[in-house]
Amino acid sequence: MVRSIIKTIAGMAIVAALLFVVSCSDDDKNDFSQYLKKGKDERPSWKIPDDMYKNFEFTMSVQVIPQDELLPYFSDDDLMCATIGGEVRAISNLQRTGGEPYFPLLIAGDSGSAHVSISYYCSRLKRIYSIEDWMPFTPGMSPMQDGKPYVLNFFPIEK
């Protein structure tokens, strides 16, 4: 009898554990709907001075793309901006090569340990997403991921 009660309790514990695991599934972790709600951000007026590339000795070239969750909202009116120390150092519209979207950024800067921050304006969602101190400015560097544009995660996605 005691053995049967122990088996029943153990079975109930296993069921409870399974229910807990299911309730904490990836659906909860990936509830990024708050990041995809339409906002009220106006199209930014990011500008770079005409002589900016003459004022800085080095450039860093990078092709970037926002994470997959933003792909359905891409538009030709979207903008990407790179800043260093709050100063705009590169701006790009959405480009396509072979149907693949990306934002090419030619970031101007000086040698040193400054970090590049990235902002993305999604015109369909009327939202600006930002990553502060994304990567150190490295003269002549052209970072990519497996030969493809660098994927920027503007909001957390657990997989």
Side-chain angles (χ1 to χ4, degrees), residues 20-159:
F20 177 75
V21 168
V22 169
S23 71
C24 295
S25 70
D26 284 343
D27 292 338
D28 291 336
K29 291 178 185 173
N30 287 340
D31 182 17
F32 47 80
S33 60
Q34 65 179 337
Y35 299 103
L36 300 175
K37 289 180 182 174
K38 197 160 189 171
K40 296 180 181 182
D41 294 332
E42 294 295 321
R43 183 177 174 85
S45 58
W46 295 319
K47 294 195 185 313
I48 53 176
D50 293 335
D51 62 349
M52 184 184 68
Y53 291 103
K54 294 178 187 174
N55 292 333
F56 294 100
E57 186 176 354
F58 300 104
T59 58
M60 175 179 160
S61 177
V62 63
Q63 294 181 357
V64 294
I65 192 74
Q67 62 203 71
D68 290 342
E69 290 76 13
L70 289 166
L71 183 63
Y73 304 98
F74 285 178
S75 163
D76 291 337
D77 293 328
D78 292 357
L79 288 174
M80 187 78 65
C81 175
T83 60
I84 296 177
E87 295 180 1
V88 175
R89 301 291 180 91
I91 301 169
S92 177
N93 292 86
L94 183 66
Q95 307 289 315
R96 297 181 195 277
T97 299
E100 295 297 317
Y102 65 98
F103 292 87
L105 295 168
L106 183 61
I107 305 164
D110 293 319
S111 62
S113 61
H115 277 75
V116 176
S117 295
I118 302 286
S119 294
Y120 165 59
Y121 174 69
C122 180
S123 64
R124 287 190 177 154
L125 292 175
K126 293 196 175 290
R127 289 190 70 171
I128 297 174
Y129 300 91
S130 296
I131 300 173
E132 295 297 319
D133 298 330
W134 166 63
M135 173 180 289
F137 177 81
T138 308
M141 190 169 129
S142 209
M144 295 187 92
Q145 289 178 322
D146 300 323
K148 295 182 179 181
Y150 201 99
V151 177
L152 301 173
N153 290 309
F154 288 99
F155 47 88
I157 300 296
E158 295 181 33
K159 295 189 180 195

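Predicted model only: the values in this text are computed from it and were never measured. Start at 1 with the first residue, then count along the sequence.
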Test item: Ser142 side-chain N/O and Ser61 main-chain N/O as donor-acceptor pair under 3.5 Å: yes
Minimum heavy-atom distance between Arg124 and Phe74, given as atom pair plus value: NH1-O, 3.0 Å
Trp134 side chain near Val64 side chain, heavy-atom distance below 4.5 Å: yes
Inter-residue atom distance Asp76.CG - Asn93.CG, 0.5 Å rounding: 8.5 Å
Side chain to side chain, Arg89 and Phe137, heavy atoms closer than 4.5 Å: no
Rounded distance [0.5 Å steps], CD1 in Ile91 versus CG in Leu106: 12.0 Å
Flag, side chain of Asp78 to backbone of Ser123, donor-acceptor distance under 3.5 Å: yes
Side-chain donor-acceptor pair present, Tyr102, Thr97, cut-off under 3.5 Å: yes
Residue pair Glu87 / Met52, side-chain heavy-atom distance below 4.5 Å: no
Exercise: identify the closest heavy-atom pair between Leu94 and Ser75: CD2-O, 3.5 Å
Heavy-atom side-chain contact between Tyr129 and Phe155 under 4.5 Å: yes
Spacing of CZ belonging to Phe56 relative to CD1 belonging to Ile84, to within rounding of 0.5 Å: 7.5 Å
CD/Gln95: more than 12 non-hydrogen atoms of other groups inside 6.0 Å: yes
Under 3.5 Å: donor-acceptor pair, side chain of Thr59, backbone of Ile107: no
Minimum-distance pair of heavy atoms, taken over all atoms of Glu132 and Ser117: OE1-OG, 3.3 Å
Smallest separation among heavy atoms of Phe103 and Ser92, with atom names: CD2-O, 3.5 Å
Residue Asp50 excluded, over 12 heavy atoms near CG under 6.0 Å: no
4.5 Å side-chain heavy-atom contact, Met135 and Tyr150: yes
Verdict with reasoning, Lys126 to Tyr121, per side-chain contact (heavy atoms from CB on, under 4.5 Å): CA-CA 7 Å; Lys126 293 196 175 290; Tyr121 174 69; 4.2 Å; yes
Polar side-chain atom of Asp41 near backbone of Ile128 as donor-acceptor pair, under 3.5 Å: yes
Interatomic spacing from SG in Cys122 to NZ in Lys38 - rounded to 0.5 Å: 9.5 Å
pair Leu70-Leu36: side-chain heavy atoms closer than 4.5 Å: yes
Closest non-hydrogen atom pair, Leu79 against Pro44: CD1-O, 4.1 Å
Residues Ile131, Tyr120; criterion side-chain contact (heavy atoms from CB on, under 4.5 Å); working and verdict: CA-CA 9 Å; Ile131 300 173; Tyr120 165 59; over 6 Å; no
Gap between atom CD of Gln63 and atom CG of Leu105 - 0.5 Å precision: 9.5 Å
Within-4.5 Å side-chain heavy-atom neighbours: Leu71 and Pro101: yes
Point-to-point distance, once rounded to the nearest 0.5 Å, from CE of Met80 to CH2 of Trp46: 8.5 Å
Thr83 and Val116, any side-chain heavy atoms less than 4.5 Å apart: no
